[in-house]
Amino acid sequence: MTSNAEAAEIFRTIADFLDLLGEKFKPEAYRRAARSIESLTEELGAVAARKELRSIPGVGDAIAEKIEEYLRTGSVPYYERLKREIPPGLVELMRLPGLGPKTARRFWVDLGVEGPNELRDAIAAGRLVGMKGFGEKKIDQIRSALAASAAGAGASRRPIEEVYPVARALVHALEDGNDADRVEVAGSFRRARETVGDLDLLVTSKDPARVFETFSTHPLVAEVMMRGETKETVLLQGGFQVDLRVVKPEEFGAALQYFTGSKDHNVRLRSLARDRGLKVNEYGVFRGDERIAGATEEEVYGSLGLAFIPPELREDRGEIERAARGPLAPLVSDPDLKGDLHIHLPPDAGPEAVDRAVAEARGRGYAYVGVVVGGVGADSRVWLLPPTTRARIPELRTPRLAVSAVLETGRDAVPDELAEIPHDARIVRPIGGASASDRSTVRGRGPPPTLVAHVGASGATEAATLAAWVEVARRVGAGIEVGPGSERLDSGAARTALEAGVRLHVPTGLLAPPDDPTRAVALGFARRAGAAPDSVINVRAEAEVSTTGSGSTRERRGRSSDLPRSRPGARRPGS
DNA sequence: GCCGTTTTCGGCCCGACTGTTTTCAGTCG
């Protein structure tokens, strides 16, 4: 069985091998291809079948051929050959922090060391002493890197929703202190990647040393790893790395652009600048020695003849070319949200719980709130309330108030069966956690669902299952929920849905505490998937969302049948 | 190995920081 993730890992390892062999540019070429393959929204096999492998950024003749070999045989001969030539332990060595390909290669060539264990022995035997470029500090550093790696303290990426409260806490601490003026989070966090490897914080300040001093005493900070004049690196409790940089106000936009990335986006931007006789770095855009932009990101993109590119799109997937042709289509943003179709209340929730949801919705200026009383259970009911309603649950248990439905998918729900729902079927009852005998209720009478929820719970991490659910949503004209957590779509899956013409539902975290990540992260994923306001179902006013009456139902079906058919796509963590 | 509204050949982002150095190599992001 082949997979995009495995292919990407093969190319990444080829890059490491080539690094160890001292190749200059090939490693980056293979890594670039690996990143592209990882961020595909469909299986490599499907792209190959259309003979479009070469349209993947960073894939040329040579790599396309290797992908075809991989798809055909499950392995890449070039990779297998390198694996025989180069001890795999060297790759482990060069991935240790502070070590790189040059150092690992020297251990191999000069000392015959082929992996972490042998290096540990060599250090213990004093064989590094006297090697040019290896002083006492360097050897100590390597010794602790080896120990940390053996203890399994590998720095790994974390889900963005886990990092979100940490980022907020650190930003607030910096803002509340007197020394930092502007504070922003850059990096993959700002691009709303599904996982975040570290946090990049950017501040302006007249007194960087004091910012660093204050920052390193924050309760979340466990250890200061490095402090220079403009940059400090710390480890938080639990080993998560945070980089803090202080920049001048006139450089803030350039620095924010630079440290937001992605790497591929920046490389492309720089080469575009070079073509135009300009130079871009984290201090600004320069013509010769003259700074022509730098205070804001808009200025930076503008000076290169580009429209502003939202951070979530900065992956070098064609956004730079589009920005060169003119302004990009707007992405959905927080003020666009006009309601929430999917709030869960516990089965024993009293009227005050519904009141609270309605009041919160009203406070935010929402036009409606959809309340599911009960969990993802067979007995849950969905009601769509205008926020002016003073809700009482007993009152709500009357059909005339139910103007929408949520298809509550559950672990036992099978999209293949649901996909066979005839076009004129009406879904009145949510089927969450439905037992086999309950599935027939899907074919009952009533309005079609507005929303297909909890898709991930039914195994949508599989590309085929996801495609099937997308097809269900497309056929009945429903939206699918995007956002953090295994039960919602990540940005790659959301892009698959959008490509099939299915709209997204952005959860608003209506009843969640202030630093709950749901809404912000869901918006980020939706934007990363390229969702325009129009592609999000809960930007609409109530009348358009509700599905009472056959007229609106027919109208929606008419629209959805004009949309392109779903294309099965691989679901990968975002790039 | 990839790529091209200046290029199908000759480029390939660029600066901070560290440790080891009397001017730089390696790593990192």
Side-chain angles (χ1 to χ4, degrees), chain A residues 11 14-15 17-36 53-67 78 93-107 128-142 145 155 186-189 196-202 208 224-233 241-247 251 254-255 257-286 304-305 316 320-321 324-325:
Chain A
F11 290 127
I14 289 179
F17 283 146
L18 293 173
D19 257 336
L20 287 163
L21 292 175
E23 286 280 356
K24 201 92 176 77
F25 296 105
K26 287 185 190 183
E28 230 10 78
Y30 277 99
R31 286 196 185 98
R32 170 97 210 280
R35 286 194 296 271
S36 283
L53 285 175
R54 294 234 19 206
S55 69
I56 299 171
V59 175
D61 288 333
I63 292 182
E65 196 176 314
K66 291 180 177 68
I67 294 173
Y78 180 59
L93 283 186
M94 67 169 273
R95 285 179 179 176
L96 292 176
L99 267 72
K102 298 273 170 48
T103 312
R105 183 179 164 78
R106 277 194 64 195
F107 290 150
L128 269 62
V129 179
M131 276 179 80
K132 193 171 157 56
F134 289 87
E136 200 178 326
K137 273 183 145 175
K138 187 81 195 165
I139 294 172
D140 270 350
Q141 193 188 58
I142 295 170
S188 51
F189 182 90
V196 178
D198 62 11
L199 273 179
D200 295 293
L201 301 179
L202 220 54
V224 177
M225 291 180 73
M226 185 270 284
R227 185 185 296 174
E229 282 177 27
T230 63
K231 177 186 170 182
E232 179 176 65
T233 298
Q241 183 173 319
V242 181
D243 293 334
L244 175 63
R245 290 181 171 83
V246 179
V247 304
E251 299 166 348
Q257 194 289 316
Y258 182 87
F259 290 111
T260 296
S262 69
K263 185 187 171 90
D264 289 337
H265 177 89
N266 283 357
V267 167
R268 177 63 70 90
L269 211 62
R270 258 145 254 278
S271 97
L272 183 90
R274 201 184 47 242
D275 292 348
R276 301 183 180 191
L278 302 171
K279 189 176 80 167
V280 186
N281 58 28
E282 62 261 55
Y283 304 112
V285 181
F286 296 87
L304 298 170
D316 191 22
I320 292 177
E321 290 76 3
R325 290 196 291 270

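In the text below, chain A, chain B and the rest are named by the order of the sequence lines, each starting its count at 1. Note that this is a predicted model, so its numbers are computed, not measured. All values below come from the heavy atoms of this structure, side chains included, with hydrogens, waters and symmetry mates left out.
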- Answer with base, sugar-phosphate or nothing: what part of the nucleic acid does A/L99 contact at a heavy-atom distance below 4.0 Å? sugar-phosphate

- Indicate, with a heavy-atom threshold strictly under 4.0 Å, whether A/L96 touches base, sugar-phosphate, or nothing. sugar-phosphate

- Please walk me through it: do A/R95 and A/D19 pass salt bridge (charged side-chain N to carboxylate O under 4.0 Å, His left out)? CA-CA 11 Å; A/R95 285 179 179 176; A/D19 257 336; over 6 Å; no

- Message: Whole angstroms only, please: what is the CZ-P distance between A/R95 and B/dC28?
- Response: 12 Å

- Task: For B/dG15 and B/dT20, measure between their P atoms and round to the nearest Å.
- Result: 26 Å

- Note on the structure: Between CG of A/L93 and P of B/dG26 the distance, given in whole Å, is 17 Å

- Check the distance between B/dC2's P and A/F11's CZ and give it to me in whole angstrom. 9 Å

- Message: Contact between A/E136 and A/V129 at the side-chain level, heavy atoms closer than 4.5 Å - yes or no?
- Response: no

- Anti versus syn assignment for B/dT22, with syn defined as within 90° of 0: anti

- Message: Between B/dA16 and B/dG11, how far apart are the two C1' atoms, rounded to whole Å?
- Response: 25 Å

- Message: Taking the P atom in each of B/dC3 and B/dT21, what is the distance between them to the nearest angstrom?
- Response: 42 Å

- Can you check whether A/L201's main-chain N or O pairs, donor with acceptor, with A/R245's side chain at less than 3.5 Å? no

- Can you find a pair of side-chain heavy atoms, one from A/R270 and one from A/Y258, that are under 4.5 Å apart? yes

- Query: How far does the C1' atom of B/dC12 sit from the matching atom of B/dT8, given to the nearest Å?
  - Reply: 16 Å

- Message: Just to be sure I understand the rule, does A/K26 reach a base, reach only the sugar-phosphate, or reach nothing, if contact means heavy atoms closer than 4.0 Å?
- Response: base

- Task: Round to a whole Å and report the spacing from CD of A/E23 to P of B/dC2.
- Result: 13 Å

- Please state how far atom CG in A/D243 lies from atom P in B/dT27, giving the value in whole angstrom units. 18 Å

- Starting at CE of A/M94 and ending at P of B/dT27, how long is that distance when rounded to a whole Å? 8 Å

- Message: Between B/dT5 and B/dG1, how many Å separate the two P atoms, rounded to a whole number?
- Response: 23 Å

- Task: May I have the distance from A/K102 (atom NZ) to B/dC28 (atom C1'), rounded to whole angstrom?
- Result: 13 Å

- Note on the structure: Sorted by chain and residue number, the ring pair (Phe, Tyr, Trp, His ring centres under 6.0 Å) partners of A/F107 (sequence neighbours excluded) come out as A/F134

- Task: Any chance you could list the contact pattern along nucleotides 10-19 of chain B? Use B for base contacts, S for sugar-phosphate-only contacts and - for none, protein heavy atoms under 4.0 Å, 5' to 3'.
- Result: --BBBSSSSS

- Task: Just call it for A/D198: base, sugar-phosphate, or nothing, with non-hydrogen atoms closer than 4.0 Å on any strand.
- Result: nothing

- Item | Approximate separation, where rounding is to 0.5 Å, of A/D198 CG and A/F189 CZ | 12.0 Å

- Residue mapping more 5' on DNA chain B - nearest nucleotide basis, A/M131 or A/T103: A/M131

- Message: I'd like to check A/I320 versus A/H265 (side-chain heavy atoms, cut-off strictly below 4.5 Å). Are they in contact?
- Response: yes

- Expressed as a whole number of Å, how far does the P atom of B/dC13 sit from that of B/dG19? 27 Å

- Message: Determine whether a donor-acceptor pair (N or O, by modelled atom type, separation under 3.5 Å) exists between the side chain of A/R32 and the backbone of A/E28.
- Response: no

- Task: Identify whether any heavy atom of A/P27 sits under 4.0 Å from a base atom; if not, whether one sits that close to sugar-phosphate; answer base, sugar-phosphate or nothing.
- Result: nothing

- Task: Verify the contact: side-chain N or O of A/K66 to OP1 or OP2 of B/dG1, cut-off strictly under 4.0 Å; return yes or no.
- Result: yes

- Query: Just how far, in rounded Å, is P of B/dC28 from CZ of A/F259?
  - Reply: 16 Å

- Task: Both distances under 3.5 Å, Watson-Crick or G-U wobble: report the partner of B/dT8, or none.
- Result: none

